[in-house]
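Structure, as structure tokens:
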Amino acid sequence: MEEKFNFLGFQDRWQKYWEEKGFYRGEDFSKKPKFYILVMFPYPSGSGLHVGHGRNFIPADVVARYKRMKGFNVLHPIGYDAFGLPAENYAIENGINPKISTENNITNFRRQLKSLGLSYDWTREFTTSDVEYYKWTEWFFEFLFKRGLAYQDRSFQWWCPHCKTVLANEQIIDGNCWRCGTPVVRKELKEWFFRITDYADKLLEGLDRIEWPDRIKSMQRNWIGKSEGAEIAFKVELPGGTTCEIPVFTTRIDTIFGVTFLAIAPEHPLLHELTTSDRKEEVGRYATEAFKKAEMDRLSQDREKTGTFLGTYAINPLTQERVPIFVGDYVVYSYGTGAVMGVPAHDERDFAFAKKHELPIKFVVKPVSATADTEKAFIDYGTLIDSKEFSGLTSEEAITKIVAYIEKQELGKGVVKYKMRDWLISRQRYWGAPIPIVHCPEHGAVPVPESELPVLLPDEVDFSPRDTGESPLANDKNFVNTKCPICGKPSKRETDTQDGFACSSWYFLRYADPHNNDAPFDRAEIDYWLPVDLYIGGAEHAVMHLLYSRFYTKVMRDAGLIGFDEPFKKLMNQGMILGADHQKMSKSRGNVVNPDDIIQEYGTDTLRAYMLFIGPLESDALWSTEGINGVFRFMKRVWNLFSENAKIASYISSAEEKDVDIMTDKMVQHITNQVENFKFNTMISSFMEWLNYLLKIREEHQTIGRTKAFREALEAFIKMISPATPFIAEELWHRFGHRDSIHVQSWPAPKNIYKEEVITIPIQINGKLRDRIEAPVDAGEDEIKELAMKASKISAMNLDFSKANFIFVKKNPLEKSEDYKGVRYASTNSFKKSEDYKGVRLLNIVIH
RNA sequence: GCCGGGGUGGCGGAAUAGGCAGACGCACGGGACUUAAAAUCCCGCGGUAGAAAUACCGUACCGGUUCAAUUCCGGUCCCCGGCACCA
């Protein structure tokens, strides 16, 4: 009886061995081609890893290990995104400094990551809350500040009453805080922003050059929200006899002849100036109501189009018509100019507003074919009517011509607007990278001199957050009080800290040169390793981390700090692992599965193989105990066959060796293809098929198990499965008598000693499978035709082949590519053309 | 509403680029081994009809192109994700 599959007996041993040997270190400036594979680094929470984390880390590790075997110099690093609220909240509740709890959590994370057999370069590990790291996060703040990309602004911000901090627009999901789900409220505060909007166009353009999922690209495009239109000013005669102008933004300047009113947002600065004295009370009441409503009804879908007349009129610059001006809360102040021209005939919202306030509806664009329906807005492009000299033009033509006209007449201009806002980066919390700014009564916001960085986060602080919109750091007099770097006058330090996303916006660069004390990184190291070749992480960061990182990268490139402007060449989003209740795994739901338990029961290799087998990398998958059992059975069968075969000392020969060799070659090609295409679930299936084949042929032909071909098949198998199941592979490899590690072996290539001689060809009659024949691999069409007509099931059909049309589907040898892309098939519609191809793969006989 | 993705057995899923639908695994049913159970091994497993051979139907639905469609085209329905009064 063979030895039991005792995985715990060798896992730790090999883990130590690999680390001592340093196999997984990325070698700076190696002559080998480099491959940088990165996973989104984890937040080291107190609850440790759950199996869902493996959904990301394990496939990435397979790629890293595969690439090493393919001769690449691989950089596969890991670190911790450690600044953030959970550690701080824990500190508040338990009085333990976040530094301590973070260190403890990381110790646990590191242990768990190692137990998963992940082949990280541990020499490059860092934590964003390390002084050595956040010094450079501060440095980057100043870098942006000096380039005019960081500024302070006092305005209404979204405040999370639970986290007691402001949030960036991207960090509000459906009106709630992205972290804790608490509804956010408006608060007027002076905050720090990064001018990401300056990069809107570059962020948009770069998306065309990177290999990212469409979903993420579309979310970013959506978020940036570029729209091209025109800005045009409407003149207003004010009650006092003076005049002013209200600029409006529109993407439909072709509808300007249909303007019947103007609407401005309640926040509009000209609101009171534009209101006649008899309307002041009413308008004031409306504006106050609107502000209140803004807090409550943010989410309501179809809000009523409320508003009220200001008492004043604006002049349509193209028609000189007088139109009433309204205030209406359906106008978004922060977009465009905060004022819109009301064209009820051609905009649904304006239509609803006009109906409610009994304003005229004037159609100036008619549909090209169908007749106009005057009971609703016609929002499509069409042909202009009643539009003076522009009548008869299509909307497209009219937009170009009217923009040209207003530019010539200096009434307005073509402009581009974005939905994206600047990134609000200050947080009123303790556990983050300090903002290295000193507020001097004379010189204003002054950056701390570079030589004095870092501004250290004080250890002894009263962490309690405040509702005032101040950071707990404001409690620490020693921290706050300082001198102005310019004039030396008593000044106050900035007490807000940076958004955690500031830390993660450049961490992928730091791995190239993680211990540099003189700079965030050395340019040569960056030029060697970056950009990241493959980045794997969750889709929840689509418009946060992934957008911010691209922004940082582009700024650095513009400053000449680095030589590329897109940090992540290829991006993949792993799906989530759902608990037994079909819900996302989380501690609060109580459906988490701890990898420690799984490893104890089944071993790391089984866990890894199951993670790969569970489904396509990008889709969500349900954790199932039955499922992992199936994979465990597979691992045990691998163990039994291989450990038994390891005892064979001398080989005999057998007639079936050729079959085994052909199968090995097929599988080598097939599995290589699957890894290259990240099809890990079918890759594991292929190993199962391969094992089933080996067990079956050995069952049928006792001697085959003792041949060289069989041993070679097992060695190819074990090498190729080693990225997925590194422990069992290493153990069996050594049992096969090898002294070196399996993880420094080369990836197998097909041997191509034998070619298949006979293949099975399916025979269809009128497109339906009726029989199969065995034929020589390069049999000609006539030969196959004869065999097909004689095939038992076909001949039993008594068909009249004289009128039959024979369609031979063949493989095309010309298109067999070098890179194991597999054999490709071409269907051939003309007999003439089919002469160019060899090797019939399918025959369809058409008889009518 | 707009954008993106999807719909295949009881379940997870497979089918590389139009060519054998359902690989592989789970669950289930039957059998072997066992005093018995677990473990392991063998057989079966889309639907309908049939004792069986086999036939017909079948990849959300309707239609089209093709010798051949899960795959391509047009339309419809449904599900998931994102954005949403953005002018």
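Order of the sequence lines fixes the chain letters, A, B, ..., with proteins taken first and strands second; residue numbering starts at 1 for each chain. Remember, predicted model here, so these are calculated numbers, not experimental data.
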Give one of base, sugar-phosphate or nothing for A:K793, where a contact means two heavy atoms less than 4.0 Å apart. sugar-phosphate
Among the candidates B:rG25, B:rA87, B:rG4, find the nucleotide nearest to the side-chain atoms of A:S218. B:rG4
Round to the nearest Å and state the distance from A:M219 atom CE to B:rC80 atom C1'. 13 Å
Phosphate OP1/OP2 of B:rA84: any A:K419 side-chain N/O under 4.0 Å: no
At under 4.0 Å, does any side-chain N or O of A:K636 touch on OP1 or OP2 of B:rU40? yes
In whole angstroms, how far is the P atom of B:rA14 from the NZ atom of A:K679? 8 Å
Counting only Watson-Crick pairs (N1-N3 plus N6-O4 or O6-N4) and G-U wobbles (N1-O2, O6-N3), all under 3.5 Å, who is the partner of B:rG9? none
How many angstroms lie between atom CE of A:M572 and atom CG of A:N56, to the nearest 0.5 angstrom? 11.0 Å
Counting any heavy atom closer than 4.0 Å, what does A:F613 reach on the DNA or RNA strands: base, sugar-phosphate only, or nothing? base
Base partner of B:rA87, which must satisfy Watson-Crick or wobble distances under 3.5 Å: none
Hydrogens and angles aside, do A:E231 and A:T337 bring a side-chain donor and acceptor to less than 3.5 Å of each other? no
Selected nucleotide, minimal atom distance to A:R637 side chain, candidates B:rC24, B:rC41, B:rU16: B:rC41
Measuring from A:I402:CD1 to A:I256:CD1, what's the distance to the nearest 0.5 Å? 7.0 Å
Answer for the Watson-Crick or wobble partner of B:rG63, both distances under 3.5 Å, is B:rC73
Would you state whether a donor and an acceptor, one from the side chain of A:K305 and one from the base of B:rC85, lie under 3.5 Å apart? yes
Verify the contact: side-chain N or O of A:T760 to OP1 or OP2 of B:rC20, cut-off strictly under 4.0 Å; return yes or no. no
P atoms of B:rC61 and B:rG9, separation to the nearest Å: 10 Å
For B:rA55, give the paired nucleotide (Watson-Crick: N1-N3 plus N6-O4 or O6-N4; G-U: N1-O2 and O6-N3; both under 3.5 Å), or none. B:rU48
Between B:rC26, B:rC24, B:rA87, which nucleotide gets closest to the side-chain atoms of A:N692? B:rC24
In whole Å, measure the gap between the P atoms of B:rC42 and B:rG47 for me. 24 Å
I need the A:K376 NZ to A:I361 CD1 distance, nearest 0.5 Å. 13.5 Å
Let's test this: given Watson-Crick or G-U wobble pairing with both distances under 3.5 Å, identify the partner of B:rA23. none
Side-chain contact check for A:P762: nearest option of B:rC20, B:rA14, B:rA27 is B:rC20
If the cut-off is 4.0 Å, is A:R221 near the phosphate of B:rC83, judged by side-chain N/O to OP1 or OP2? no
Looking only at non-hydrogen atoms, find the nearest pair between A:K356 and A:K305 and report the distance. CD-O, 3.3 Å
Provide the distance between the two C1' atoms, one in B:rA60 and one in B:rC24, to the nearest whole Å. 25 Å
Using the C1' atom in both, what is the distance from B:rU71 to B:rC20, to the nearest Å? 15 Å
Considering just the side-chain nitrogens and oxygens of A:K810, establish if one lies under 4.0 Å of OP1 or OP2 belonging to B:rG19. no
Taking B:rA14, B:rC41, B:rC67 as options, the one with an atom nearest any side-chain atom of A:I807 is B:rC67
Candidates B:rA15, B:rA27, B:rG19 - which lies nearest the side chain of A:N844: B:rG19
So if I take every side-chain heavy atom of A:K768 and compare against B:rC24, B:rG19, B:rC57, which nucleotide ends up nearest? B:rC57
If you look at every strand shown and take non-hydrogen atoms under 4.0 Å, does A:S227 touch a base, only sugar-phosphate, or nothing? sugar-phosphate
With respect to the side chain of A:D329, which nucleotide from B:rC85, B:rA23, B:rC67 is positioned closest? B:rC85
Picking from B:rC41, B:rA21, B:rA87, which would you name as closest to the side chain of A:V331? B:rA87
Rounded to whole Å, please give me the gap between CD1 in A:I684 and C1' in B:rA23. 15 Å
Would you indicate which nucleotide in B:rA55, B:rA27, B:rC83 comes nearest to any side-chain atom of A:W223? B:rC83
Tell me whether the OP1 or OP2 atom of B:rA87 has a side-chain N or O from A:Y330 closer than 4.0 Å. no
Looking only at atom P, what distance separates B:rC3 and B:rC11, rounded to whole Å? 32 Å
Side-chain N or O of A:N681 versus OP1/OP2 of B:rG25: is the shortest distance under 4.0 Å? no
Between A:E689 and A:P616, the residue closer to the 5' end of RNA chain B by nearest nucleotide is A:P616
Identity of whatever pairs with B:rU34 - Watson-Crick or G-U, under 3.5 angstrom: none
Measuring only the P atom in each nucleotide, how far is B:rG4 from B:rG10? A whole number of Å is fine. 33 Å
Taking atom C1' in both B:rG6 and B:rU59, compute the distance separating them and give it to the nearest angstrom. 14 Å
Rounded P spacing from B:rG75 to B:rC26 in Å: 43 Å
Look up atom CG in A:N591 and atom CD1 in A:I577, then write down how far apart they are to the nearest 0.5 Å. 11.5 Å
Classify the nucleic acid contact of A:G630 as base, sugar-phosphate or nothing, counting any heavy atom under 4.0 Å across all strands shown. sugar-phosphate
Could you tell me the separation between the CE atom of A:M341 and the CZ atom of A:F261, rounded to the nearest 0.5 Å? 10.5 Å
RNA chain B nearest-nucleotide lookup for A:T251 and A:L769: closer to the 5′ end is A:L769
Does B:rG9 sit syn or anti, given that only angles within 90° of 0 count as syn? syn
Starting at CG of A:L547, measure out to CD1 of A:I196 and round the result to the nearest 0.5 Å. 4.5 Å
With sugar-phosphate meaning primed atoms plus P, OP1 and OP2, does A:P213 contact a base, only sugar-phosphate, or nothing at under 4.0 Å between heavy atoms? nothing
